[in-house]
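Data block below; observations after.
The basis for the numbers below is simple: all heavy atoms, side chains too, and nothing from hydrogens, waters or symmetry mates. A, B, ... follow the sequence lines: proteins, then strands. Residue 1 opens every chain. Quantities reported herein were computed from a predicted structural model and do not represent experimental measurements.
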Amino acid sequence: MTGDGGHAPTDNLWGGASSAAGSRSHPTSEDYLSVLNEEQRQAVVHNGKSLLILAGAGSGKTRVITTKIAYLIGEKGVDPYSILAVTFTKKAAQEMAERAHFLEPRSVHASLRTFHSFGSWFLRQYTQEAGIDRNFTVYDDEDSATLMHKAMPQLNRQEAKSMAAKIARAKDYCWEPDSPELFHIDSSELFPRCYEAYQQRLRETGNIDFGDLIMLPVRLMEEDGLIRQHMHRRFSVIMVDEYQDSNVAQFKLLRQLVGEDTYVCVVGDDDQSIYSFRGAEVQNILQFPKHFEHTHIIKLEKNYRSTPQILATANDSIKNNSDRFEKSLQPTRPAGALPALTFLDNSQDETAFCADVIEKAHQRGIPYRDWALLYRTNAQSLGFETEFLHRKIPYTIVGALKFYDREEIKDALAILSLVANPRDEIAFRRIVNKPSRGIGEKTQEKIVERAKADTGTKGDGGGGSYVAACKEEMATATKKAQGGLKEFVSLIESLTVLLEENQQQKQPLPVEDLANQVDSLFYQSTTETESTPEEKLPLEMPLTAELSPDQTDSLADTSKGAEDSQEGQPEQSQQPPRRKAGKKKLSHFVEQLNQLSGLMEYHAAQDEVAGTQRVANLQELANSAVLYPMTMAGLLDFLDHIQLDRTLENNSDGDTDAVTLITVHNTKGLEFPRVILTGLEYGVFPRQDKKDESLEEERRLFYVGVTRAQHQLLLTSCRKRVRYGHLEEMMPSPFLLEIQENHLRHLGEIPYVYRSLRREQAGQATTPTAMATHPLAAKWKVGRTVYHDDYGYGGIIRTRTEEDEFVVVVKFETGAEKQFMPEYQRQLMLVEG
DNA sequence: TCACAGTGACTTTTT
DNA sequence: GTCACTGTGA
């Protein structure tokens, strides 16, 4: 069934499609199949019911998927429209789309999406069945925490946040407020009550949270055979990338989507499962053959990315994990340099060292974009940013300091959300009194009560509008509040009117508008149809991965706008529309909103005192809306895009030559010629050693980091680091010690602890039973002098490890004998010498 | 209602 | 070193 007949008919189809696609020549199926190895080729042409591809790091996983898509369309005559491929990040989805499109132009009609954007697409078609608002928006974690806080006022902010996180976890498993399994997460009787209250409050707003994006579609399909059938007819091929990171809810979604005649193919690597903290279930991939009958398994172990030296390092580490498919990566690349390990005195030295290395390399002609700087936590990026800024090394930072999480941006988005859905309690609370309009907590509470009473007029939507409630409240409110409310109501209403007025231009009611349309049809560029996302019948809704608005070139205009609009000037910078636009752009609407709401003025004042960039950020938000039409549908699209695509916010990807600063988690699926893996200290990476299981996940994370590198890998570790405002002595990461000594090159000074741990390890090599020595043991040795805030000076007389916690026993000068866990009790300090 | 100062608690990783 | 929450005074 491989390279047989098919040529003549498929070639016709092929030719037709590629000529339409333009100048770029697309490879033929022979071309793209010939570059695959045997296993890859098998995976592509596999022709059964279900397929599990276990693909090691760098084994050409994406190539296999994209080739498979092309092959199915080009050779097997599968309708691209009926192909669904889901990934976890937008970035991955986009890359998949690009590569598939290169191989097979018709793949633009396939649905290449993230799980969550698929959920959103699904729910937009079934808002009524799901019991949510037609114009629902998606709450992020912070919104959820606020909602929880309001639903259960006795919780303080932190407790509310933790409850919200637990609810999110429950939704990862599709557990309802009355599910008995909830105790797995939190056995207190408070938890189900909180969940219940939260859920009720959420439904009152008509909105949904991240978990609902998966959970609600699952429930709808479980309960409604018609919807399920509908989906089965719609998709005949379903593929999932990075399947090791799917959670139970996502598994259930897949289960529902796969009908009798659906072909299902999942790809993943259990060694790269790094999201169990948010419910990812490795068992999904391990048990896949059990859940889907007649599963064929193909392993891809040849690595096409890294040098043998880098792979040796990776294998050294990952083989220490117990719960995994036994496998090891086979190198195919030519030999390279050994990975280098450098110890630095402190994190300042670390940043300087990294900057030096990159600068020197640059002088040798190695571009900045070759480099990626990896760290465990976002907070670590700050030091690098300042150093790079100072040295004028260009960098792009992925994922950190999220643009859309900034206060001013969330404020503006809250107004947008409220315009879309006036029942949005969280958005309402956020901006009703910002800038201060004299509407305090008391008044807000009354309005919320009123709005909720409104909802009592059962049925789905209708009541519960906060704008309406504000109006009613005006009658009884105090003078001060009255004025504020009036201001606020007129803001939202005028914005709504603005949007509706513009929207009406689309509807062919007034004759002049028809004329306008003719006008735009004839006299404006017709090449790029400014298609507005319109409400269509469910089956016809496009589900292709939409390209994100090009935020990069709008960036350029930002700073200017910021300077000019210091005072509440009437806006001078009318949006610079690149293409002549007949219809107004959403960016215009956002600018209006920024002005009318007083947010611009408010934040300009803040900028003044704090030296921040808030006005510029608000302007940038407006700029980023330029690709959306100024309609309700455009607004929803825009909000969706922001909520579901938090990854490619500020990266000016493409041709710019810049170093990548990125968390290890975020590098999943990426590769770089040169990688520096930083902060390899115990307590930072791995973060803690609570349980074996989570240490194994940290190790997988380390493995992911190492296997991102193609040619060159640098590892750095600091002896001291500032944490919690104090300079602390750090221990080297245990992962460093797992690497065979001759697989590493050690640069510079090697700390005593590292040496002695290596020695200890060498001694133990013959007795591999107990590697129980706690990493802290090297530092807190019997006989050392310590100082305690309360007890004064003393000496360590004993140490032991108790349930993975390291305990020291200290006898103080006072005679008192006390036990401490130095990891947590910071009052106890080692005295130098 | 709001602004300020003092106090206490906590820091993963993300759609 | 950073929030977030609390209490005070205007």
Side-chain angles (χ1 to χ4, degrees), chain A residues 86-93 113-120 138-142 144-146 149 155-162 165 168-169 171-172 208-215 242 245-247 249-250 273-280 374-383 398-400 402 404-405 407 433-444 477-481 483-484 609 640-649 662-668 679 683-688 690 694 697-698 700-702 704-705 721-728 824 826:
Chain A
V86 282
T87 62
F88 283 82
T89 66
K90 186 89 178 188
K91 208 169 195 163
R113 288 226 158 193
T114 65
F115 260 115
H116 289 88
S117 80
F118 172 79
S120 176
V138 182
Y139 278 159
D140 67 12
D141 291 348
E142 201 194 317
S144 295
T146 312
H149 192 40
L155 302 177
N156 68 31
R157 191 98 212 138
Q158 243 133 32
E159 290 166 327
K161 205 174 157 187
S162 123
R169 194 77 333 98
K171 290 187 174 184
D172 285 340
I208 60 173
D209 60 18
F210 274 123
D212 288 342
L213 283 168
I214 311 296
M215 191 170 163
E242 307 281 10
D245 285 323
S246 61
N247 60 33
Q250 286 157 340
S273 165
I274 53 175
Y275 283 108
S276 72
F277 68 91
R278 71 163 202 235
L374 276 50
Y375 36 80
R376 176 66 237 271
T377 65
N378 277 311
Q380 286 165 261
S381 74
L382 216 89
V398 180
K402 310 214 172 64
Y404 293 113
D405 284 348
E407 185 189 345
N433 199 30
K434 198 170 194 177
S436 178
R437 300 185 178 91
I439 306 167
E441 189 71 22
K442 271 257 169 69
T443 322
Q444 288 179 31
T478 61
K479 274 254 168 60
K480 197 157 95 182
V609 284
D640 247 24
H641 195 274
I642 287 168
Q643 282 307 321
L644 303 182
D645 173 20
R646 327 263 293 179
T647 48
L648 36 88
E649 292 164 348
I662 191 169
T663 63
V664 186
H665 278 91
N666 264 323
T667 62
K668 197 172 70 167
V684 175
F685 194 173
R687 219 186 146 257
Q688 76 233 340
K690 278 249 169 69
S694 69
E697 176 142 322
E698 294 278 328
R700 289 194 289 269
L701 195 57
F702 180 73
V704 168
R721 185 177 287 273
V722 180
R723 308 174 82 201
Y724 304 93
H726 288 292
L727 194 63
E728 278 185 49
Y824 306 107
R826 294 177 202 293

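Remark: E159(A) pairs with no residue by the salt bridge (charged side-chain N to carboxylate O under 4.0 Å, His left out) rule, at least two apart or across chains. Looking at residues two or more places apart in sequence or on another chain, you find a side-chain contact (heavy atoms from CB on, under 4.5 Å) between S276(A) and E697(A). Taking D172(A) as the reference, R169(A) meet the salt bridge (charged side-chain N to carboxylate O under 4.0 Å, His left out) condition, with sequence neighbours excluded. The side-chain contact (heavy atoms from CB on, under 4.5 Å) test applied to D245(A) returns F88(A), S273(A), I274(A), Y275(A), A280(A), K668(A), not counting sequence neighbours. Under the side-chain contact (heavy atoms from CB on, under 4.5 Å) criterion, A168(A) pairs with no residue, sequence neighbours left out. A search for side chain to side chain donor-acceptor pair (under 3.5 Å) contacts involving Q380(A) returns T377(A), not counting sequence neighbours. Every side chain to side chain donor-acceptor pair (under 3.5 Å) that D209(A) has, sequence neighbours left out, goes to K171(A), Y198(A). Partners of S246(A) by side chain to side chain donor-acceptor pair (under 3.5 Å), not counting sequence neighbours, listed by chain and number: N284(A). Under the side chain to side chain donor-acceptor pair (under 3.5 Å) criterion, T663(A) pairs with N666(A), sequence neighbours left out.
Counting distance only, with no hydrogens placed and no angle test, the side-chain atoms of R278(A) and the base atoms of dT15(B) include no donor-acceptor pair under 3.5 Å.
Taking side-chain N and O atoms only, N666(A) has a distance below 4.0 Å to OP1 or OP2 of dT14(B). Checking the phosphate oxygens (OP1, OP2) of dT15(B), no side-chain nitrogen or oxygen of S117(A) falls inside 4.0 Å. Note on T443(A): a side-chain N or O is less than 4.0 Å away from OP1 or OP2 of dT1(B).
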Expected rows: protein N/O vs nucleotides 6-10 of chain C N/O, under 3.5 Å:
none

Dump every N/O contact between nucleotides 2-4 of chain B and the protein below 3.5 Å, one line per pair.
residue : atom : partner : partner atom : Å
dC2(B)  : OP1  : N433(A) : ND2          : 3.3
dC2(B)  : OP1  : S436(A) : OG           : 2.2
dC2(B)  : OP2  : N433(A) : ND2          : 3.3

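Regarding K161(A), its NZ atom lies at a distance of 11 Å from the P atom of dC3(C), rounded to whole Å. Per the geometry, CD belonging to E142(A) stands 12 Å off P belonging to dC3(C), to the nearest Å. R700(A) places its CZ atom 13 Å from the C1' atom of dT13(B), with the value rounded to the nearest Å. Distance E698(A) CD to dT12(B) C1': 8 Å, rounded to the nearest Å. The distance from atom CD of Q380(A) to atom P of dG1(C) is 17 Å, rounded to the nearest whole Å. Between the P atom of dA4(C) and the NE2 atom of H149(A) lies a distance of 11 Å, rounded to the nearest Å. Atom P of nucleotide dT14(B) and atom CG of N378(A) are separated by 5 Å, given to the nearest angstrom. Atom pair L213(A):CG and dT15(B):P shows a separation of 13 Å (rounding to whole Å applied).
Listed for the Q444(A) side chain is a donor-acceptor partner under 3.5 Å among the backbone atoms of I439(A). Listed for the Y375(A) side chain is no donor-acceptor partner under 3.5 Å among the backbone atoms of V664(A). In this structure, the side chain of H149(A) engages the main chain of L155(A) through a donor-acceptor pair within 3.5 Å.
Using a 4.0 Å heavy-atom cutoff across all strands shown, F88(A) reaches sugar-phosphate atoms only and no base atom. As judged by a 4.0 angstrom heavy-atom cut-off over every strand, Y275(A) is placed among residues touching the sugar-phosphate backbone only.
Taking the side chain of H665(A) as heavy atoms from C-beta on, and the options dT12(B), dT13(B), dT15(B), the nearest nucleotide is dT13(B).
Here F277(A) does not count as stacked on dT12(B), because the ring centres are not under 5.5 angstrom apart with planes under 30°.
Straight-line distance between the C1' atoms of dA4(C) and dT13(B): roughly 23 Å, to the nearest whole Å.
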Worksheet item: What pattern of brackets, bars and dots sums up DNA chain C from 5' to 3', given Watson-Crick or G-U wobble pairs under 3.5 Å, [ ] for crossing pairs and | for another strand?
Response: .|||||||||
